[in-house]
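The structure appears right after this line, and notes come after that.
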2 protein chains.
Amino acid sequence: MQFTKAEEYGMQGVLHLADKGKDVVTPLSEISEARDIPEKFLAKIFQSLSRSGILRSHRGVRGGFTLAKPPGEITVKDVLEAIQGPYHLTKCIPDPDSCPRSDSCAMRELLVTAEERLLEVFVKHTLEDVVHMERSMSAPSPEKPNP
Amino acid sequence: MQFTKAEEYGMQGVLHLADKGKDVVTPLSEISEARDIPEKFLAKIFQSLSRSGILRSHRGVRGGFTLAKPPGEITVKDVLEAIQGPYHLTKCIPDPDSCPRSDSCAMRELLVTAEERLLEVFVKHTLEDVVHMERSMSAPSPEKPNP
DNA sequence: TCTATATGCAATTCACCAAGGCCGAAGAAT
DNA sequence: ATTCTTCGGCCTTGGTGAATTGCATATAGA
């Protein structure tokens, strides 16, 4: 019940693209080095993201990847689901028939609620938001701005 | 990123005890059969719960398990954490040093928030609540009460 | 043509989940 | 004291999926 490396790496990679702007073509090698991600692994993750329409790939010399849409139109949930598929705390949430007791299972009700609360956070934030947060966090301390 | 069987079984088992009342001693065999859980597996889970002070075990003839506290004083989170340990979406949340970038990682901020929203649901509900929900769900339909 | 880059498939390694078996320890009933 | 029942601890097994890595192919630019 944890985030996988694929999700971590995928988000980092996409954020790198979002930070550089929508139309800047960036090769895996750069992202891989900048964010410290195994290149072949990132390649596989980015394939899913291309197929999901979140990224666009460009082959050949000076090729690489770009965002397929502006960062403000891609939510964190979009990225995570493209990598891992729909998130569910239990199998019985998307598929109630998998459990004979699901008709009268109070835990299931609770889990549905919990899952909703979790996903709300990921739906409410776009890549643009996260990049802004990232920039403000690594900005120089506001105490002593350089003259 | 899903609930484990141990969590599912553990919750079901504890709910069975909560449903019967705080001081009713119930053997594994009964719970195992009633809720369709492998007995040895449930035994292992209940050991953790005993050590965590959520259950009390009673050996010997007519032995079994009871809740250590009233159902209204045990939260769902208590049970889940006793089984699996503290829940975290990523390793970097409890242990920022595990990631060199965690100082300026916006995703981490987002994940902390998401995790809080999720856990709030589990903290707010006690076993008593869940048992009540369970009972009302399996109650006869209010449309045609039997005369 | 040569090189840089993505694409697709296969294989590997490793950890952990899920379950089951065996025997010992503790306690109640007799 | 004996016996029976039930939990306790340890070890083993099979299976699954995560996290890589490797290799051959396709595509585009210089």
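Remember, it's a predicted structure, so these values are computed and weren't measured experimentally.
- With rounding to whole Å, A:Glu39 atom CD is found 13 Å from C:dA4 atom P.
- Residues A:His16 and A:Glu30 have side chains in contact (heavy-atom distance under 4.5 Å, counting atoms from C-beta outward).
- Dashed line: the shortest gap from a side-chain N or O of A:Ser57 to OP1 or OP2 of C:dT7 is under 4.0 Å.
- Set against D:dC7, C:dA6, C:dA19, the side chain of B:Leu28 has D:dC7 as its closest nucleotide.
- For B:Gly60 and A:Ala6, each mapped to the nucleotide of DNA chain D holding its nearest heavy atom, the one lying further toward the 5' end belongs to B:Gly60.
- Comparing B:Lys40 and A:Ala43 by the nucleotide of DNA chain C that holds the closest heavy atom to each, the one mapping nearer the 5' end is A:Ala43.
- Under the 4.0 Å criterion applied to side-chain N and carboxylate O atoms, A:Glu8 and B:Lys91 are not assigned as salt-bridge partners.
- We find that NZ of B:Lys91 is positioned 13 Å from P of C:dA15, with the value rounded to whole Å.
- Atom-to-atom, CZ of B:Phe41 to C1' of C:dA18 comes out at 5 Å; the value is rounded to the nearest Å.
- In this structure, B:Lys5 and B:Ile37 have side chains that are not in contact, with every pair of non-hydrogen atoms separated by 4.5 Å or more.
- Rounding to whole angstrom units, CD1 of residue A:Ile83 and P of D:dA19 are separated by 12 Å.
- Protein atom NZ of B:Lys44 is 22 Å distant from nucleotide atom P of D:dT6, rounded to whole Å.
- Contact of B:Lys5 with D:dG15 (side chain to base): no donor-acceptor pair of N or O atoms is detected under 3.5 Å.
- Environment of NZ in B:Lys22: crowded, with over 12 heavy atoms of neighbouring residues, nucleotides or ligands closer than 6.0 Å.
- For the pair B:Arg62 CZ and D:dC7 P, the interatomic distance rounds to 13 Å; values are reported in whole Å.
- Rounded to whole Å, atom C1' of D:dG17 lies 10 Å from atom CD of A:Gln84.
- Looking at heavy-atom distances under 4.0 Å, A:Arg56 makes no contact with the nucleic acid at all.
- Rounded to an integer number of Å, the gap from CZ of A:Phe46 to C1' of C:dA6 is 12 Å.
- Residues A:Thr26 and A:Val61 both approach DNA chain C. Their nearest nucleotides, taken by heavy-atom distance, put A:Val61 toward the 5′ side.
- Remark: the backbone N or O of A:Phe65 is not paired with any side-chain donor or acceptor of A:Ser57 at under 3.5 angstrom.
- The base of D:dA26 lies close enough to the side chain of A:Arg59 for a donor and an acceptor atom to sit less than 3.5 Å apart.
- Considering only side-chain N and O atoms, B:Tyr9 lies under 4.0 angstrom from the phosphate OP1 or OP2 of C:dA19.
- Contact annotation: B:Gln47 side-chain N/O to D:dG9 OP1/OP2 distance is under 4.0 Å.
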